[in-house]
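Note that the structure is a prediction, hence the values are computed from the model and not measured. Just follow the structure's listing: the first ligand is 1, and inside any ligand the first atom is 1.
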Amino acid sequence: MHLGLGAFARAHTAVFTEAAMLASGDLDWGIVGVTQRSDTVARQLAPQDGLFAVAERGEGAAPLRVVSSIVEAISGRDNPEAVVDRIAAEATKIVTLTVTEKGYRIDPRTGTLNTGDGEVRGDLDGRAPLTAIGQIVRGLQQRSSTGAGLITIVSCDNLPGNGDLTGKLVRAFAAALPAEEAEPLLAWLDANVTFPNTMVDRMVPATTAGDLDAVERELGLRDEAAVVAEPFMQWVIEDDFAAGRPQWEKAGALFSDDVAAWETAKLRLLNASHSLLAYLGLAAEKATISDAVAEDAFYTAARRMMHEDVLPTITLPDGLDAEGYCAQVLGRFANPALGHTTAKVGSDGSQKIGLRLLSTVRGSLDAGREPRWAALAVAAWMRHVATTPAAELNDPLAEELRAALPAVRSADTVVPSLLGCRSIFDAGLASDARFAGLLTHWYRIIDTHGLDGLRNEINHG
Ligand code: CS2
């Protein structure tokens, strides 16, 4: 089962799974994909028998590939009972998920499931579940009563300790059920379900109409579910599977006991500089990440953030060379054929900056250093929030952010107002004068001196 059948899942998990099956000859696997909020991909894949093309873009691109590992695509919104039944089915051995940060419905104040969230409440109250965690728990609950046996839940989202976190959320949901249901279910979960941690990596932009036309010319067929992706792909997985798995290592996945270190490195180096470039790019009207990184000053800011703010605050996994990794990441951002938009990477900032950037800010401040570049990224995000027309801000906390913003918007008013959002900044960070000073400094430069001011400050400040 795969929950969250977006472009990333098709270009990553489905490709790894098919490649593993072909390389190992173990053909007994197939993916039932579930779309979460929108049924578009399920509707696109159904008449194509689940087949779709992956078009790699950029240097080293492989020829167009038609992927056949998805055997069924269902709309979770329209068929929630089917999702529960499939998770409960004896034939299902693994549930993978790519539902994005916001799909986990975490309460940022507690770090666990937000049981006050209306959708989570709806699922807890017993309707056919619509949230990912609700779907998993209801499926597992049914599984526990039919004796369908062991199963593995694999989060493939950009969250630190994504497996441990998913296990925690699943248990929190189970514990919030009436006691007579909760107790046996929690005991069953302990004995029957594993939640390995993973780190996933591949840049996959949203497919455009132009991409579909290009694929049609190459393939000679119209493929409504085609995806484009960079050539690079990586998957690091903790080998903790309760009921078997495809031999993903034969497709290049790395099984490791040190996934946490891989995930931290990827989130704070790659995703953090992706966000930095997205918000600087949005401020300077650059439509794509490759346009943003082509601006020398922005390239410098990303590079210096990685080297000066991030690397001193993390421990790299064995086998990862810092210099090589950072250079490779910047090279991947520069891929001009990918068309990864700054708007897409800049979306859902409230869900991303804490994990990607504030972790580095905190680590640097604790060590007595100024997180100059990570603060630039946060300031650029703040300015994006303050200058984007209310209806256009693509963020699940848009309402809360809008309510926090002052009527008159300048560095001196926006920074303290947004720092007051406890869903994003904890009290310690919000009251740190060094951090506030850096944010105000950068915000003012972006706001009043524009691109030239930024160039000047980044290069000579
Ligand atoms: C990006 C990621 O949209 C975003 O927030 O930073 O989706 C990024 O492209 C992937 O994590 C790369 O593996």
Ligand 1 polar-atom proximity to protein (N/O, under 3.5 Å):
{"residue": "ligand 1", "atom": "5 (O)", "partner": "K352", "partner atom": "NZ", "Å": "2.8"}
{"residue": "ligand 1", "atom": "5 (O)", "partner": "R356", "partner atom": "NH1", "Å": "3.1"}
{"residue": "ligand 1", "atom": "5 (O)", "partner": "R356", "partner atom": "NH2", "Å": "2.8"}
{"residue": "ligand 1", "atom": "6 (O)", "partner": "N271", "partner atom": "ND2", "Å": "3.1"}
{"residue": "ligand 1", "atom": "6 (O)", "partner": "H274", "partner atom": "ND1", "Å": "2.7"}
{"residue": "ligand 1", "atom": "6 (O)", "partner": "R356", "partner atom": "NH1", "Å": "3.2"}
{"residue": "ligand 1", "atom": "11 (O)", "partner": "N158", "partner atom": "ND2", "Å": "2.9"}
{"residue": "ligand 1", "atom": "11 (O)", "partner": "K266", "partner atom": "NZ", "Å": "2.6"}
{"residue": "ligand 1", "atom": "11 (O)", "partner": "N271", "partner atom": "ND2", "Å": "3.0"}
{"residue": "ligand 1", "atom": "13 (O)", "partner": "D201", "partner atom": "OD1", "Å": "2.5"}
{"residue": "ligand 1", "atom": "13 (O)", "partner": "R202", "partner atom": "N", "Å": "2.9"}
{"residue": "ligand 1", "atom": "13 (O)", "partner": "R202", "partner atom": "O", "Å": "3.4"}
{"residue": "ligand 1", "atom": "13 (O)", "partner": "K266", "partner atom": "NZ", "Å": "3.0"}

Q: Look at E400 together with R402 and state whether they make a salt bridge at an N to O cut-off of under 4.0 Å.
A: no

Between side-chain atoms of residues 51-63 and protein atoms elsewhere (two or more places apart, or another chain), which donor-acceptor pairs fall under 3.5 Å?
{"residue": "E56", "atom": "OE1", "partner": "A62", "partner atom": "N", "Å": "2.9"}
{"residue": "E56", "atom": "OE2", "partner": "R202", "partner atom": "NH2", "Å": "2.9"}

Q. Is the shortest side-chain N to carboxylate O distance from R455 to E295 below 4.0 Å?
A. yes

Q: Please state whether the rings of F333 and H274 are parallel, tilted or perpendicular, taking 30° and 60° as the class boundaries.
A: parallel

Q: Scan for side-chain hydrogen bond (donor to acceptor under 3.5 Å, both in side chains) pairs involving residues 232-241, sequence neighbours excluded, and state none if there are none.
A: N197-E238, D239-R245

Below 3.5 Å, can you tabulate the donor-acceptor pairs from side chains in residues 311-322 to any protein atom, sequence neighbours excluded?
{"residue": "T313", "atom": "OG1", "partner": "D309", "partner atom": "O", "Å": "3.0"}
{"residue": "T313", "atom": "OG1", "partner": "V310", "partner atom": "O", "Å": "2.7"}
{"residue": "D321", "atom": "OD2", "partner": "G324", "partner atom": "N", "Å": "2.8"}

